[in-house]
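Order of the sequence lines fixes the chain letters, A, B, ..., with proteins taken first and strands second; residue numbering starts at 1 for each chain.
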Amino acid sequence: MSTRDSESAEVINGSDAAPSGGSKGDRPNHERSNDERYDAQIVEKKWFARWQQDATMYAAEPNSAKKKYYVLEMLPYPSGALHMGHVRNYSIGDALARYMWMNGYNVLHPMGWDSFGLPAENAAIQNNTPPREWTLRNIANMKAQMNRLGFAYDWSREVTTCFPEYYRWNQWFFIKMFEQGLAYRKKSNVNWCPKCCTVLANEQVLADGTCWRHEDTLVEQRELEQWALRITKYADELLRDLDKLPGWPDKVKTMQRNWIGRSEGTLVDFKLDYAEPTHTGFGPGGSTITVFTTRVDTIFGATSVQLAPEHPIVKDLAAANPGLRAKVDQLIAEQNKAKETGDIGEIEKHGVPTGRYAINPYNGEKVPVWVANYILMDYGTGAIMSVPAHDERDHEFATKYKLEIRLVILPVADDPEETMAEPQLPFTSHDGMLVNSGPYSGMSCADAIKKMVEYAEKKGFGKPTVTYRLKDWGISRQRYWGTPIPMLYCEKDGIVAVAEKDLPVILPDKVDITLTGGSPLGRVPEFVNAMCPKCGGPARRETDTMDTFVDSSWYFYRYTDASNDRAPFDSKTAQYWFGDAGIDQYIGGVEHAILHLIYSRFWTKFMRDLGLLSNDEPVGRLFTQGMVIKDGAKMSKSLGNVVSPDEMVARYGADAARLYSLFAAPPDRDLDWQDSGIEGIQRFLGRVYRFFVRHPVETQLAKSAALQELSPEARAIQRKLHQTIKRVSDDFQGRWHFNTCISATMELVNALYAYEETVAGAPSPANGGGNAALLAEVQRSLVLLLAPFAPYLAHELWEMIGEKESLLRAPWPKYDAALAKEEEVEIPVQINGKLRSRITVPADAEENFVIERALEDEKVKAAIAGKQVVKKIHVLGKMVNLVVK
RNA sequence: GCCGGGAUGGCGAAAUUGGCAGACGCAGCGGACUUAAAAUCCGCAGGGCUCAAAAGGCCUGUGGGGGUUCGAUUCCCCCUCCCGGCACCA
């Protein structure tokens, strides 16, 4: 699923990092400080080893009475090594998963590999390593990296899409779609990337006409027959159901809306004029041109009809007219070139008259029929009515070719005099009044559209319609490393699906994958030659493979029942985890806003209609994290600003890398990586650790001792603790600003150090009494607050304070409003909105009391001397403002 | 052109409901510890002016301009710049 991973394999090197510290000889003076030093490498290795033996601590509990929570990060393409974007993505998900566990939920938090795809083939060609081998080695390496980073995944549910146990269900789904007419063969102009040597889906071509994997390579147009999935059947539902997704970012929903591109309009038949019979086959009563328009109200201003160069009528006309044909071929060439360079929006408009006329059914007027290079055959009907007065493109074209421009809409203004003023052309507003439009003159645009559509329907020359920009999903790929399409071509029976009992169609191992000469599978006779399941005769296998986006369209259902060999998954189990609303929280990059996130919505609706699911949508809440950048630019090899997670782990530890990626910016914003920043985090972790070393507490103390008789300083710490619990919990519950969760925790630690400084000896449990018990409670809570973000350190401290139960299942600390409440507050006093003084009052002091105190304040007295207080504003606990004259 | 998002110290950022702008961290400066350094701990710190200095005081400040309000980083109008997406889609 990863877009453009070019990082090569790097072996995790955390295990052979140099030991920190560096003191070799006897240096008794520094013994103490060395004991206090936190060595992340040693501590993390210790817990890493334990976690490998106790993987079950992460597993979801299927029969639990707890409430379920499904948190998921987008699965990576196994490119070789994790990059910082992955670390950020997974740190967010892991923190959330751990938090939800600690809050008593039954959490599903799985991981897998989107492991089919082109890079494996390209690597195979370069290094002479089979794609499977290369892929599996990368998976092993990246899994080791994930484990070293301490992400708590339920590996018992691991999904690897290139395994037959998985892709057989791709084939199964495909056959179901074929049976229902949702998968079909289609000959059309398709996007062809000369570097990938394969067809691409529309979604995989970037705005500038380049390939999503090769930004320097323009995609070509080729006419090919290939398999397509009828996603357009769900176009309307895909659009409507976006309204059911309040947990999705507006940005993503807007992008999907634009992509689906629903447009309501009218189809209108223009009869081709037969006054000039020709030998082209269009005699009297000849052919009809159906145009699509969203502005039928402007039809009395139509002064020509424009056809796409590839329109069938143009083909017929050109066939009989070599002069026209040459010009049309020229227009087609211009259009293709513009499509390839992505400049279709800036193409210079050209057109040629066909010499024929069409009849406007509303007024019987004959208008010339032209062919123009800016009309697209694959949108609407490939034919438009041209209204130069009210459409920018038509206006430009008509001006260039001196076609008539006829005003039929006038602007409506408040002032009736202005209404009649001639607008600047083209006047494209929908807010207007019709003129020069026969019986419709005087109507508003909206009314006219209604009446005109009614009339067209009554007379049978037109009807309302809806068109979409969204096209069916072309999924054939002329490459090797993908799911074989389970179809056969039989001379007798034609196109036949592989029998279900014969699934999976296994992707053969030893295949010549050179890029030329069509689909590699076509060169494997054992694969190609098969038997027709209908007649038993010889049949040829389909040799194209599926787009890898098929793999990721339903993988998250497979996690719920990953080893099922009778079905893609068990419906009941999937229903438990998906509920009605889908995945509770999905986290990934915004680059999949269109691709993966629209395909998987489509797949869910298809599976629902198949009876496998009851949810309409796969993802209830979606979070798109920002990019990790450095020196103001996205990390890339060519810029040389790549930060390697392995290096960060080796140098600072996994906790520091994770904590920094959450601390440096709110997760939805881009994160500017600074090496000095992660050093600060390392210092913080050491600071926490040192405090625990200096103040060893037994956790039982926190549970047993009474918390009364606290010194004022201890009471302040208690207050700070509960304020911190509130801030961290609120941010988890609400807006997910982990940076402020972490800074709040830092403040608590700073307060602990200040406490230690102020009250000499007070923190020691040797003092006994309430203060020591409180300190134990604070330290225990601090570990819990850190656990979602820095699991290694948290586990180490948890053990140090004598806790035995699993930290991952320990209950999240409870916030106590009474304990968090300040007794006294400092209130700013403003005079005319400017800060002049501060007074300290009891937190719940009444207004009169506070204002009285403010007026007694020396600085305030000086500021208002000789003036009259005309207004007194008091906001409880916030401020006082005195307005004086 | 259209649709999103953004602009706050030297830097990353915070201010959650209109109420002390700059929490927290980085970089910086000063101090303690040390033979020294590292590490650690403590402190200072938006800009400007005033004051011998300090304390203090005053002015100013959240991209720019206007507005609403006792009070605006926050709400409204206009503008500039940056990032992302879409774009002859009829």
Side-chain angles (χ1 to χ4, degrees), chain A residues 21-23 29-30 32-34 36-37 207 249-255 257-259 261 263 265 291-295 306 338 342-347 349 372-376 378-387 391-394 396-397 467-469 590-591 593-594 626-627 629 660 663-666 668-681 683-684 686-687 690 727 730-731 734-735 737 739-740 742-747 749-750 753-754 756-757 826-835 837-838 859 870-875 877-884:
Chain A
S23 62
N29 284 351
H30 305 104
R32 186 180 138 91
S33 73
N34 278 345
E36 289 182 358
R37 169 174 294 206
D250 287 337
K251 180 173 47 170
V252 174
K253 287 192 279 191
T254 305
M255 282 164 76
R257 270 188 204 106
N258 289 342
W259 189 259
S263 177
V291 305
F292 172 71
T293 179
T294 55
R295 291 296 304 274
Q306 303 284 343
D343 289 337
I344 190 76
E346 280 127 52
I347 190 171
K349 292 182 182 50
N373 63 356
Y374 70 97
I375 308 300
L376 306 168
D378 58 3
Y379 183 79
T381 58
I384 64 151
M385 60 175 202
S386 177
V387 185
D391 181 280
E392 263 170 53
R393 297 150 298 180
D394 296 346
E396 186 190 334
F397 191 86
T467 62
Y468 297 92
R469 216 189 77 114
V590 76
E591 66 270 20
I594 303 290
M627 285 189 303
I629 59 176
Y660 178 66
F663 175 70
D668 51 341
R669 257 204 252 179
D670 285 354
L671 185 159
D672 192 9
W673 191 275
Q674 293 177 4
D675 285 347
S676 58
I678 192 171
E679 282 172 24
I681 291 294
R683 276 198 281 274
F684 167 67
R687 201 165 146 85
R690 268 189 305 279
R727 284 176 64 185
D730 282 356
D731 272 351
R735 53 180 195 160
H737 278 201
N739 53 333
T740 53
I742 294 163
S743 64
T745 310
M746 286 173 169
E747 281 185 54
V749 172
N750 290 347
Y753 271 81
E756 179 189 47
E757 183 86 355
E826 198 182 53
I827 300 284
V829 182
Q830 299 178 348
I831 312 286
N832 288 346
K834 285 193 174 172
L835 180 68
S837 185
R838 293 169 222 272
K859 284 179 190 162
V870 293
K871 199 165 183 181
K872 300 166 188 166
I873 293 140
H874 171 244
V875 181
K878 295 278 189 192
M879 49 77 67
V880 168
N881 189 15
L882 302 172
V883 184
V884 299

Output the single nucleotide from B:rU16, B:rA39, B:rC86 whose closest atom is nearest the side chain of A:Arg469.
B:rC86
Quick one: is A:Asn750 getting a side-chain N or O under 4.0 Å of the B:rG25 phosphate, OP1 or OP2?
yes
Across the strands shown, which category fits A:Val875 at heavy-atom distances under 4.0 angstrom: base, sugar-phosphate, nothing?
base
How long is the line joining NE2 of A:His737 and P of B:rA15, in whole Å?
7 Å
Hey, are the side chains of A:Asp391 and A:Arg295 touching, using non-hydrogen atoms and a 4.5 Å cut-off?
no
Side chains of A:Asn832 and A:Lys834 in contact at under 4.5 Å (non-hydrogen atoms)
no
Say we look at B:rC41 and B:rU60: how far apart would their C1' atoms be, to the nearest angstrom?
36 Å
For B:rG63 versus B:rU8, give the span between their P atoms, rounded off to a whole number of Å.
7 Å
Any luck finding a side-chain donor-acceptor pair between A:Asn258 and A:Arg469 under 3.5 Å?
no
Under 4.0 Å from OP1 or OP2 of B:rA90: is there any side-chain N or O of A:Ser263 that close?
yes
As a test of the definition: with a 90° window around 0 for syn, would you call B:rG67 syn or anti?
anti
On a whole-Å scale, what distance lies between the C1' atoms belonging to B:rU73 and B:rA7?
11 Å
Please give, in whole Å, the distance from B:rC83 C1' to A:Met255 CE?
13 Å
Would you say A:Arg393 reaches B:rC89's phosphate, i.e. side-chain N/O to OP1/OP2 under 4.0 Å?
yes
In whole angstrom, give the distance that lies between atom CG of A:Asn258 and atom P of B:rC3.
10 Å
Using Watson-Crick or G-U wobble geometry with both distances below 3.5 Å, tell me the partner of B:rA38, or none.
none
Using a heavy-atom cut-off of 4.0 Å across all strands, would you classify A:Ile375 as base, sugar-phosphate, or nothing?
base
Tell me what A:Lys834 touches on the nucleic acid: a base, only sugar-phosphate, or nothing, going by heavy atoms under 4.0 Å.
sugar-phosphate
From CD1 of A:Ile594 across to P of B:rG85 the rounded distance in Å is 11 Å
Taking the C1' atom in each of B:rA87 and B:rG48, what is the distance between them to the nearest angstrom?
49 Å
Could you state the atom-to-atom distance from CG of A:Asn881 to P of B:rG19 in whole Å?
13 Å
Side chain A:Asn739, main chain A:Ala665, donor-acceptor under 3.5 Å:
no
Whom does B:rG56 pair with, Watson-Crick or G-U wobble, provided both distances fall under 3.5 Å?
B:rU50
Distance check needed: B:rC58 P versus A:Ile831 CD1, whole Å only.
11 Å
A:Arg257 side-chain N/O to B:rC2 phosphate OP1/OP2 under 4.0 Å
no
How far does CZ of A:Arg37 sit from CZ of A:Arg690, to the nearest 0.5 angstrom?
8.5 Å
Integer angstrom distance from the P of B:rG6 to that of B:rU74:
13 Å
Under 4.0 Å, counting only non-hydrogen atoms across every strand here, what does A:Gly680 touch: a base, just sugar-phosphate, or nothing?
sugar-phosphate
Say we look at B:rA32 and B:rA23: how far apart would their P atoms be, to the nearest angstrom?
26 Å
Looking across every strand, which nucleic acid part, if any, lies under 4.0 Å from A:Glu826 by heavy atom: base, sugar-phosphate, or nothing?
base
Using whole Å, what does the distance between atom P of nucleotide B:rG12 and atom CE of A:Met627 come to?
16 Å
Position toward the 5' end of RNA chain B (nearest nucleotide), A:Thr294 or A:Thr740:
A:Thr740
Given B:rC3, is OP1 or OP2 found less than 4.0 Å from the side-chain N or O atoms of A:Lys253?
no
Please give the distance between the P atoms of B:rA72 and B:rC89 as a whole number of Å.
45 Å
Separation of B:rA13 C1' from A:Tyr660 OH (nearest whole Å):
10 Å
Nucleotide opposite B:rA7 in a Watson-Crick or G-U pair, distances under 3.5 Å
B:rU80
Do the side-chain N or O atoms of A:Lys871 get closer than 4.0 angstrom to the phosphate oxygens (OP1, OP2) of B:rC70?
yes
Does A:Arg393 qualify as a cation-pi partner of A:Tyr374, given the criterion of NZ or CZ under 6.0 Å from the six-membered ring centre and within 45 degrees of its axis?
no
Touch class at under 4.0 angstrom, heavy-atom based, for A:Phe397 against every strand present
nothing
Under 4.0 Å, counting only non-hydrogen atoms across every strand here, what does A:Pro249 touch: a base, just sugar-phosphate, or nothing?
nothing
For B:rC26, does OP1 or OP2 lie under 4.0 Å from any side-chain N or O of A:Arg683?
yes
If you compare every side-chain N and O of A:Arg687 against the phosphate oxygens of B:rC24 (OP1, OP2), does one of them come in below 4.0 Å?
no
Applying the Watson-Crick and G-U wobble criteria at under 3.5 Å, what pairs with B:rA21? Answer none if nothing qualifies.
none
Would you indicate what A:Met879 reaches in the nucleic acid, counting non-hydrogen atoms under 4.0 angstrom: base, sugar-phosphate, or nothing?
base
Looking at every non-hydrogen atom in both residues, tell me the closest pair between A:Phe292 and A:Thr381 and how far apart they are.
N-OG1, 3.5 Å
Using Watson-Crick or G-U wobble geometry with both distances below 3.5 Å, tell me the partner of B:rG1, or none.
B:rC86
Audit row: A:Tyr660, A:Asp675, side-chain hydrogen bond (donor to acceptor under 3.5 Å, both in side chains) steps and yes/no
CA-CA 10 Å; A:Tyr660 178 66; A:Asp675 285 347; over 6 Å; no
Please pick, from B:rG12, B:rC89, B:rC24, the nucleotide with the shortest atom-to-atom distance to any side-chain atom of A:Tyr379.
B:rC89
Write down the distance separating the C1' atoms in B:rC24 and B:rA14, rounded off to the nearest Å.
8 Å
Quick check: on RNA chain B, is the nucleotide nearest A:Thr254 upstream (toward 5') of the one nearest A:Ser676, or the reverse? Name the residue that is more 5'.
A:Thr254
Does a side-chain N or O of A:Arg690 approach OP1 or OP2 of B:rC41 to a distance below 4.0 Å, or not?
yes
So what does A:Glu396 hit on the nucleic acid, given a heavy-atom distance under 4.0 Å: a base, only sugar-phosphate, or nothing?
nothing
Using a 4.5 Å cut-off on heavy atoms from C-beta on, say whether the side chain of A:Ile681 contacts that of A:Met746.
yes
